Number of protein chains: 2
Amino acid sequence: MTKKDDFSLQDFLPYLLNQAAEESSLSFQQVYKGRYGMLRTEWRVLFHLGIYGELTATEIVTRARIHKTKVSRAVQKLVERRFVTRERDGDDRRQERLTLTHSGKVAYRDLQEIGERYQAQLTERLTQDEVAQLKRMLRVLAGLDK
Amino acid sequence: MTKKDDFSLQDFLPYLLNQAAEESSLSFQQVYKGRYGMLRTEWRVLFHLGIYGELTATEIVTRARIHKTKVSRAVQKLVERRFVTRERDGDDRRQERLTLTHSGKVAYRDLQEIGERYQAQLTERLTQDEVAQLKRMLRVLAGLDK
DNA sequence: AATCAACCATTACCAACGCAACCAAATTCC
DNA sequence: GGAATTTGGTTGCGTTGGTAATGGTTGATT
């Protein structure tokens, strides 16, 4: 048997990353879907606004690397459900400043807290140090580090 | 500022995993899409057949954790494009044994080789040891280790 | 100041997804 | 041994996603 045949999906990084990502987002998805009827993209937009405060749609697109049509639709939903308010920028009337409403902030804090607990549970089979290493490497792979 | 406010998306594991997974599958997607007009699910099915040989649709579902309708449609496409043949099982006529055709094998080997090179390039900013650690942890998170 | 290119965001259109319902074959149960 | 249940796989249909085109605004060129 040659070296070539040793190749396995279990060793193919994009595949492994995908499996881990899917697995890790699945149960958390139940939370924001069940509690607030949110889709994944909506939750992600909410979180960005919760963390960074006022943002425009384009800023969310570049920060979160979500397709702009997805952001557009997610914002629409969040506005409908009164989690977010949009307001045309005075200086540049093309863009809209997005901010969380009160209930948006409440939802954010609620989910953020659950998220932290969920993360802790997710990594209980790894040491603190391993988790730190893992995150560092993921940032490298995602091209998120400076 | 309290501890709570330190929470950041850059530190939320499901988010990081998703970013890394998306980033790492993006350029490779161009390859199987460009060369063979395949979708992600089709490529995944092809790889499973390439690695494990003859499988049924259900076996692919459980191994790859892909929804059965996705597998069903991917198999359909792969059969149409003559990468895969299906054959009713004699013992249990509900299931179909799936195997790669010659051109299916060729495509698999081609993509597998590119995949390996791609993986090497992806991890060039990490040491061998780090990659091994990373894969181990991802398997834990994905629930893939015994 | 009129034109043109660049930009922010949305929409129209079609492809892909996922749930639930379904068909056909096999197994269980009485 | 026949009805009910389970299992392998497909399909219909409403939802979600991406590409490309559009509307509306700004900035640059002249």
Side-chain angles (χ1 to χ4, degrees), chain A residues 18 21-23 25-27 29-30 32-34 36-46 48-49 54-81 84-99, chain B residues 18-19 21-23 25-30 32-34 36-46 48-49 54-81 84-99:
Chain A
N18 193 70
E22 207 142 302
E23 182 63 28
S25 70
L26 209 68
S27 10
Q29 182 172 11
Q30 306 307 318
Y32 53 75
K33 193 175 176 185
Y36 301 101
M38 281 186 200
L39 261 29
R40 214 163 61 105
T41 308
E42 292 162 31
W43 164 71
R44 290 228 259 157
V45 168
L46 186 89
H48 275 269
L49 290 171
E54 191 178 84
L55 293 173
T56 68
T58 301
E59 283 166 345
I60 295 175
V61 165
T62 51
R63 280 178 189 275
R65 304 179 170 195
I66 303 175
H67 196 277
K68 61 181 188 162
T69 62
K70 275 166 89 172
V71 171
S72 175
R73 283 159 183 148
V75 168
Q76 225 169 323
K77 277 280 165 62
L78 290 171
V79 169
E80 278 174 25
R81 289 175 194 172
V84 167
T85 53
R86 55 195 349 167
E87 191 183 351
R88 288 242 162 259
D89 187 299
D91 292 343
D92 186 340
R93 290 169 37 71
R94 286 171 303 184
Q95 38 191 1
E96 304 182 311
R97 320 283 337 159
L98 305 171
T99 43
Chain B
N18 192 70
Q19 294 285 24
E22 206 142 304
E23 183 63 28
S25 70
L26 210 68
S27 9
F28 191 56
Q29 182 172 12
Q30 306 306 318
Y32 53 75
K33 192 175 177 186
Y36 301 99
M38 281 185 201
L39 260 30
R40 214 164 59 105
T41 308
E42 293 162 31
W43 165 71
R44 291 227 259 157
V45 168
L46 186 90
H48 275 269
L49 291 172
E54 192 179 82
L55 293 172
T56 68
T58 301
E59 283 167 345
I60 294 175
V61 165
T62 51
R63 280 178 190 276
R65 303 181 172 193
I66 304 175
H67 195 277
K68 62 179 190 164
T69 62
K70 274 166 91 172
V71 171
S72 174
R73 282 160 182 148
V75 168
Q76 226 168 322
K77 277 281 164 62
L78 290 170
V79 169
E80 278 174 25
R81 291 175 194 173
V84 167
T85 53
R86 53 188 359 161
E87 191 184 350
R88 289 239 162 261
D89 187 299
D91 293 342
D92 186 340
R93 291 170 35 70
R94 286 172 304 183
Q95 38 190 5
E96 306 182 310
R97 321 284 334 161
L98 305 171
T99 42

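Only a predicted model underlies this, so the values are computations on that prediction, with no experimental measurement involved.
- Of the residues near DNA chain C, A:Lys33 and A:Arg88, the one whose nearest nucleotide (by heavy atom distance) lies more toward the 5' end is A:Arg88.
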Please produce a list of atom pairs where a protein N or O lies less than 3.5 Å from an N or O of nucleotides 21-27 of chain C.
residue: C:dA26; atom: OP1; partner: B:Arg93; partner atom: N; Å: 3.0

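- Listed by chain and number, the residues in a side chain to side chain donor-acceptor pair (under 3.5 Å) with A:Tyr32 amount to none (sequence neighbours excluded).
- In this view, A:Arg65 and B:Glu23 satisfy the salt bridge (Lys or Arg N to Asp or Glu O under 4.0 Å) rule, not counting sequence neighbours.
- B:Arg86 comes within contact range of the sugar-phosphate backbone alone, with a heavy-atom separation under 4.0 Å but no base atom that close.
- Partners of A:Glu96 according to the salt bridge (Lys or Arg N to Asp or Glu O under 4.0 Å) rule, which considers only residues two or more places apart in sequence or in another chain, are A:Arg86, A:Arg88.
- Considering all non-hydrogen atoms of both residues, B:Leu49 and B:Leu98 come closest at CD2-O, 3.6 Å.
- Rounded to whole Å, atom C1' of D:dG8 lies 14 Å from atom CG of B:Leu55.
- In terms of heavy atoms, A:Ala64 sits closest to A:His48 at CB-NE2, 3.2 Å.
- For B:Glu22, there are no side chain to side chain donor-acceptor pair (under 3.5 Å) partners, not counting sequence neighbours.
- We find that CD of B:Glu96 is positioned 9 Å from C1' of D:dG8, with the value rounded to whole Å.
- For B:Thr99, the side chain to side chain contact (heavy atoms under 4.5 Å, CB included) criterion is met by B:Glu54, B:Thr85, not counting sequence neighbours.
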Listing time: all N or O pairs from protein to nucleotides 12-17 of chain D that are below 3.5 Å?
residue: D:dG12; atom: O6; partner: B:Arg73; partner atom: NH2; Å: 2.9

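- The shortest distance between the side-chain N/O atoms of B:His67 and the OP1/OP2 oxygens of C:dA16 is not below 4.0 Å.
- For B:Ser25, the side chain to side chain contact (heavy atoms under 4.5 Å, CB included) test picks out no residue, with sequence neighbours left out.
- Rounded to whole Å, the distance from CG on B:Leu98 to C1' on D:dG8 is 11 Å.
- For the pair B:Gln76 CD and D:dT11 C1', the interatomic distance rounds to 9 Å; values are reported in whole Å.
- Whole-Å rounding puts the A:Leu26 CG to C:dC17 P distance at 16 Å.
- For the side chain to side chain contact (heavy atoms under 4.5 Å, CB included) test, residues two or more places apart in sequence or in another chain that qualify with A:Arg94 are A:Asp92.
- For DNA chain D, the residues of residues 56-64 of chain B within the heavy-atom distance limit of 4.0 Å (strictly under) are B:Thr56, B:Ala57, B:Thr58, sorted by number.
- The side chain to side chain contact (heavy atoms under 4.5 Å, CB included) search around A:Glu59 returns A:Leu55, A:Thr56, A:Arg97, not counting sequence neighbours.
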Identify each donor-acceptor pair in which a side-chain atom of residues 69-81 of chain B lies under 3.5 Å from a protein atom, sequence neighbours left out, and give them as a table.
residue: B:Thr69; atom: OG1; partner: B:His67; partner atom: ND1; Å: 2.9
residue: B:Arg81; atom: NH1; partner: B:Gly37; partner atom: O; Å: 2.5
residue: B:Arg81; atom: NH1; partner: B:Glu42; partner atom: OE1; Å: 3.4

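- One interatomic measurement links the two molecules: CD of A:Gln95 to P of C:dA6, which rounds to 18 Å at whole-angstrom precision.
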